[in-house]
Amino acid sequence: MQNDDVIWDVIRHHHCSYMAKIQTGNFCRNPYNVTGICNRSSCPLANSRYATIRDHDGIFYLYMKTIERAHMPNKLWERVKLPKNYMKALEIIDKHLEYWPKLLVHKIKQRLTKMTQYRIRMVKLSKKVREKIMTVPRKEVKRESRREEKALRAAQIENVIEKELLERLNKGVYPDICNYDEEIFNKLLDKNKEEEQEEEEEEEAEVEYVEGDYELEEEEELEEDIEDMGDFLKANNFDDIEGDEDDLEEQPAKKKAYVSYPLKQDDGTEKVRRKGKKVVVEVERDEDMGNRQHNAM
Amino acid sequence: MAKEKKRKAAEEAVDGDDYIEREDEKPKKQKLILASQIKNKEKRSAVYAKLKHEKRVEKRKKIKARDAASKQALELGEEPPEKMVPRTIENTRELDETVCRPDDEELFAGNDADEFSAVLKQQTAPKVLITTCRFNSSRGPAFIKELLSVIPNAQYYKRGTYELKKIVEYAKNKEFTSIIVVHTNRREPDALLLIGLPDGPTAHFRLSNLVLRKDIKNHGNPTSHEPELVLNNFTTRLGHRVGRMIQSLFPQVPNFRGRRVVTFHNQRDFIFFRHHRYVFEVKEKKEGLKDKKSKASQGKTEKKAIARLQECGPRFTLKLVSLQHGTFDTKGGEFEWVHKVTLSHVYSHLTLD
């Protein structure tokens, strides 16, 4: 009826449905197996007195089977709930499996250790913040890329930027530009001279940024009195812009840029520097300009 | 073979007429036979080619007529007939309540009280922390290097395995004004997370079409002057907010000597980023050359100032995925706007524009 050796013989040499053969060895897929290996001593079918630990929802249970109940498969496995405390669980195992073979008890305790370790790890991981991978359907990706292309074509970015820059130039946002044609700037000079005679410069709240479709804040009206055309490093390079005093005070960083700005950086570019034309510049000393490097005034 | 072709051609010559005749004769009773309903491939392609040719001829006729009419009108001194404007999404936008108006008091008050006002009013200088997601890709580091050159006062910190919330705290302690997280997917920078500090909004953008500086032809090298900023087309309230957020990344006082301009151009909810160096030049344009017949040109050379751009720095597009109130907190944070995919795309319904 219940002869372990016969059972083992049949299982091992003929067919056991729980056995899984892998490259490294034979494993047992029986959920009541302690070690998980297909062994004479670890097979729950071929040992009439057997015990395991199984995990249900984070709680560990000690399962035991004895030969007295071998004819009642329904009531075969006896279950004992183990406390979460590792030491207490060990005690309980000792108590229940007091007269059992030492090898089995040892294997059970090893299994308990491993299970507690992975339970701790699971709890830790669930508390950690993990990146969630979200998928985007391919249709959407394609759709977005198509729409992007069309939007790009509709945008005509370069034209818009150029227009914007020219607008700003006409408004007078730029106090000095190195390479600017003489005629145009002379025209502007004349215009500005007339304005100057009429009114003093108006200092208004300055915000340099203009948003394309509408402007929230007014811009500072700067007068373009003088421009420097030649090499920056030579003399006569102070910009006399009466409206610019405020500007200068608030731009300590700008001073540095003045000092260290090397003209020769743009050697490789298409920009044409009109080096020949120098405009005679009226210079008024500004207090803030004391730090600036000036050669031979 | 040749015979078949001839026969088919003959057929087509007759049948083509047949089709047209039929349409004329019994327009109501019989359905118009479309070219696509003919099962025979050769016949079908022939009929279709003919149709196309006819259409093209008609179109050319129309264009010629239009040109002639406008020329005539010009010669006579009258106004030329109105030019036809094609329908675009921009033309056919529905009236949107959320579009900002230039005289909106509420908007100004809101601006004063929002998270960026400190930076935008130049009370604090912007300081940007750039970092990546946990795994950095092949293009990621190059992109970050270029970002560092575009945004002044930006620093790069390696990600390590820190949680993003911890990074936010760390940045707050070190007094940064914003964090940029470059997220990578499949070895390409994929998303940009812009976090304003302290307790500023978190904007999640999707990044696409990244072109690095070395891949741009005739690129220029940017200097370290503070760039000018151009923000185009951020018209709605949400767009305005996002625009201000982008503005708060850059120092408010540009150095015009550097002639550097950074552009964020919004078009149909896509934000295109460009970085240029510009130059103003004078271009001579001769007027009066419209009349090609007169050989004696009128000699008026009008000088116009133009701006020329040289592209430097990376080029990419952003699309806003979500805007969250407060610093990064996907579970508990309040989302101001989330991109929802609607089954029917209404073309004129845009959110950032």
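Just so we're on the same page: letters track the sequence lines, and every chain starts at 1. Just so we're clear, the structure is a prediction, and the values are computed from it rather than from any experiment.
Although no hydrogens or angles enter the test, the distance criterion places a donor-acceptor pair under 3.5 Å between the side chain of B/Arg259 and the main chain of B/Tyr278. The main-chain N or O of B/Tyr162 is found under 3.5 Å from a side-chain atom of B/Arg159 such that the two form a donor-acceptor pair.
Interface remark: A/Glu144 contributes backbone and side-chain atoms alike to the contact with chain B (heavy atom separation under 4.5 Å). In this structure, the portions of A/Leu152 lying under 4.5 Å from any heavy atom of chain B include both its backbone and its side chain. Of the two parts of B/Thr88, neither the backbone nor the side chain holds a non-hydrogen atom closer than 4.5 Å to a non-hydrogen atom of chain A. Only the side chain of B/His276 has a heavy atom closer than 4.5 Å to any heavy atom of chain A. Residue B/Lys165: no heavy atom, backbone or side chain, is found under 4.5 Å from chain A.
For the pair B/Phe273 and B/Arg315, the minimum side-chain heavy-atom distance is 4.5 Å or more.
Figure legend: cation-pi geometry between A/Arg111 and A/Phe60 absent, as NZ or CZ is not positioned both under 6.0 Å from the six-membered ring centre and within 45° of its axis.
Taking the six-membered ring where the residue is Trp, B/His265 and B/Phe272 present tilted rings, their angle falling between 30° and 60°.
Between chain B and the residues A/Glu148, A/Lys163, A/Lys128, A/Glu140, the largest count of heavy-atom pairs under 4.5 Å involves A/Glu148.
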